[in-house]
Amino acid sequence: METSRIAVAGASGLIGSALVRSLTADGHEVVRLVRRTPRAKDEVEWDPERQYVDAAGLVGCDAVVNLAGAGIGDRRWTDEYKRKIRDSRLLGTAALAEAVASLDRPPRVFLNGSAMGIYGDTGERAVDESAPPGIGFLPSLCVEWEEAAAPAEEAGVRTVFARTGLVVAAKGGAWGRLFPLFKAGLGGRMGNGRQYWSYIALHDHVAALRFLIDSESLSGPFNLTAPEPLTNREITAAMGRALHRPVVFAVPAPVLKLVLGEMAQEVLGSQRVLPTRLLESGFTFAFPGIEEAVRAVR
């Protein structure tokens, strides 16, 4: 097996830590970008807010993966926190893209995070990578996020955007908050339950990232979502079956809006997103169904 040297920003997050574990388990050398003075030989310092990257630490990397950014669902969306969500992505991406472009021997690929939020509320309409951006905070953020990678693209580096869906994981992310509720028998639909949720098992997300890193002919946006999005009502019923718990509760839309504020529109909004380019490229999902995905991590 040929091994690679791969730099990862956001290595301590839900997806980043899982990717690092997968890569190191297969013998690859992983360089982790950290926001402090490095304490180990596998760490490289960077400061997204100051747009600083120790580019010397990226020398010899075959791939640079950027999964860094303040959590979308970690806090209520105040104006201040929306600025943090935006700046943590745009400034970090621009800094990394410029560092990659400055290298005498750039990496083979720059894989940058993005999100299915770029499509906005699609209702019952299924969309893939050919769809235009939607309207609102997250769509405009995602457009700017991807545009911030321009220095790497202009330097001729193969650039890939991973438009992530809702990641099914036992801990961390939005799903990490759902599992305790459902295990306690307190799970249920949100709003009317008719909104589509496009999910992906954490295992499949990591496998897709590695597939995109290794596939020399692939560039541009890829939706990292399971092949068959389901409605919130269907997903909550499946969660109940997989966890052997009743699903009798429902959270009315007004309550969600009161608790979550502006972010409630993302929970109540519908996103029916298809991974067309991944499937056409030959990627195979290990856990395409929601019950399979839930049982894999419960």
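Throughout, residue positions are numbered sequentially from 1 according to the sequence presented.
When all heavy atoms of Trp145 and Ser114 are compared, the pair lying nearest together is CZ3-CA, 3.4 Å. For Gly269 against Asp121, the heavy-atom pair with the smallest separation is CA-OD2, 3.5 Å. Taking both residues in full, the closest heavy atoms of Leu103 and Ala55 are given as CD2-O, 3.6 Å, listed atom of the first, atom of the second, then distance. Closest non-hydrogen pair, Lys183 versus Arg245, comes out as O-NE, 2.6 Å. Here the closest heavy-atom approach between residue Leu91 and residue Glu49 is recorded as CD1-O, 3.9 Å. Contact record, Pro227 with Leu274: O-CD2, 3.7 Å, taken as the closest heavy-atom pair.
The main-chain N or O of Leu279 is never found under 3.5 Å from a side-chain atom of Ser281 such that the two would form a donor-acceptor pair. Proximity of a side-chain donor or acceptor of Glu98 to a complementary backbone N or O of Ala95 within less than 3.5 Å is not detected. A distance-only check finds a donor-acceptor pair linking the side chain of Gln271 to the backbone of Met116 [under 3.5 Å]. Panel note: side chain Arg158, backbone Ile213; a donor-acceptor pair is recorded below 3.5 Å. The backbone N or O of Gly289 lies less than 3.5 Å from a partner atom in the side chain of Glu292, making a donor-acceptor pair. Counting only distance, with no hydrogens or angles, the side chain of Ser215 and the backbone of Leu218 share no donor-acceptor pair below 3.5 Å. Counting only distance, with no hydrogens or angles, the side chain of Ser198 and the backbone of Val273 share a donor-acceptor pair below 3.5 Å. At least one donor-acceptor pair under 3.5 Å links the side chain of Arg89 to the backbone N or O of Ile85. Between the His28 side chain and the Ser4 main chain, a donor and an acceptor come within less than 3.5 Å of each other. At distances below 3.5 Å, at least one donor-acceptor pair connects side-chain atoms of Arg189 with backbone N or O atoms of Gly191.
In summary, Arg35 and Glu45 do not engage in a salt bridge, as defined by a charged side-chain N under 4.0 Å from a carboxylate O. The pair Arg36-Glu43 meets the salt-bridge criterion, since a charged nitrogen lies less than 4.0 angstrom from a carboxylate oxygen. Arg277 has no carboxylate O lying under 4.0 Å from a charged side-chain N of Asp128, or vice versa, which leaves the two without a salt bridge. Looking at Arg272 and Glu124, no side-chain N of the basic residue comes within less than 4.0 Å of a carboxylate O on the acidic one, giving no salt bridge. In summary, Arg295 and Glu291 engage in a salt bridge, as defined by a charged side-chain N under 4.0 Å from a carboxylate O.
Side chain to side chain, Arg194 and Ser270 fail the donor-acceptor criterion of an N or O pair below 3.5 Å. Side chains of Tyr196 and Asn232: no donor on one and acceptor on the other come within 3.5 Å.
Inter-residue side-chain proximity for Val64 and Asn66 is flagged as unmet; no heavy-atom pair is nearer than 4.5 Å. In this structure, Val160 and Phe222 have side chains that are in contact, with non-hydrogen atoms separated by less than 4.5 Å. Side-chain contact check for Glu146 versus Thr93: every heavy-atom pair is 4.5 Å or farther apart. In this structure, the side chains of Val30 and Asp42 stay at 4.5 Å or more apart for every pair of heavy atoms. Taking the side chain as every heavy atom from C-beta outward, Leu19 and Val65 approach each other to under 4.5 Å. With contacts defined as side-chain heavy-atom distances shorter than 4.5 Å, the pair Ile72/Leu138 qualifies. Side-chain contact between Gln195 and Arg233: absent, with no pair of heavy atoms (C-beta onward) separated by less than 4.5 Å. Tyr119 is listed as a side-chain neighbour of Asn223, based on a closest heavy-atom distance under 4.5 Å.
Aromatic pair Trp77/Phe137: centroids less than 6.0 angstrom apart. Residues Phe285 and Phe287 keep their aromatic ring centres 6.0 Å or farther apart.
No more than 12 heavy atoms of other residues, nucleotides or ligands sit less than 6.0 Å from atom CD of Glu80.
Linking ILVMFWY residues whenever their side-chain heavy atoms come closer than 4.5 Å, directly or via other members, leaves Val20 and Leu33 in distinct clusters. Residues Ile6 and Leu96 fall into different hydrophobic clusters, defined by Ile, Leu, Val, Met, Phe, Trp and Tyr side chains chained together at heavy-atom separations under 4.5 Å.
Applying the side-chain contact (heavy atoms from CB on, under 4.5 Å) test between Leu224 and each of Ile15, Leu212, Asp204, Val167 identifies Leu212 as the sole match.
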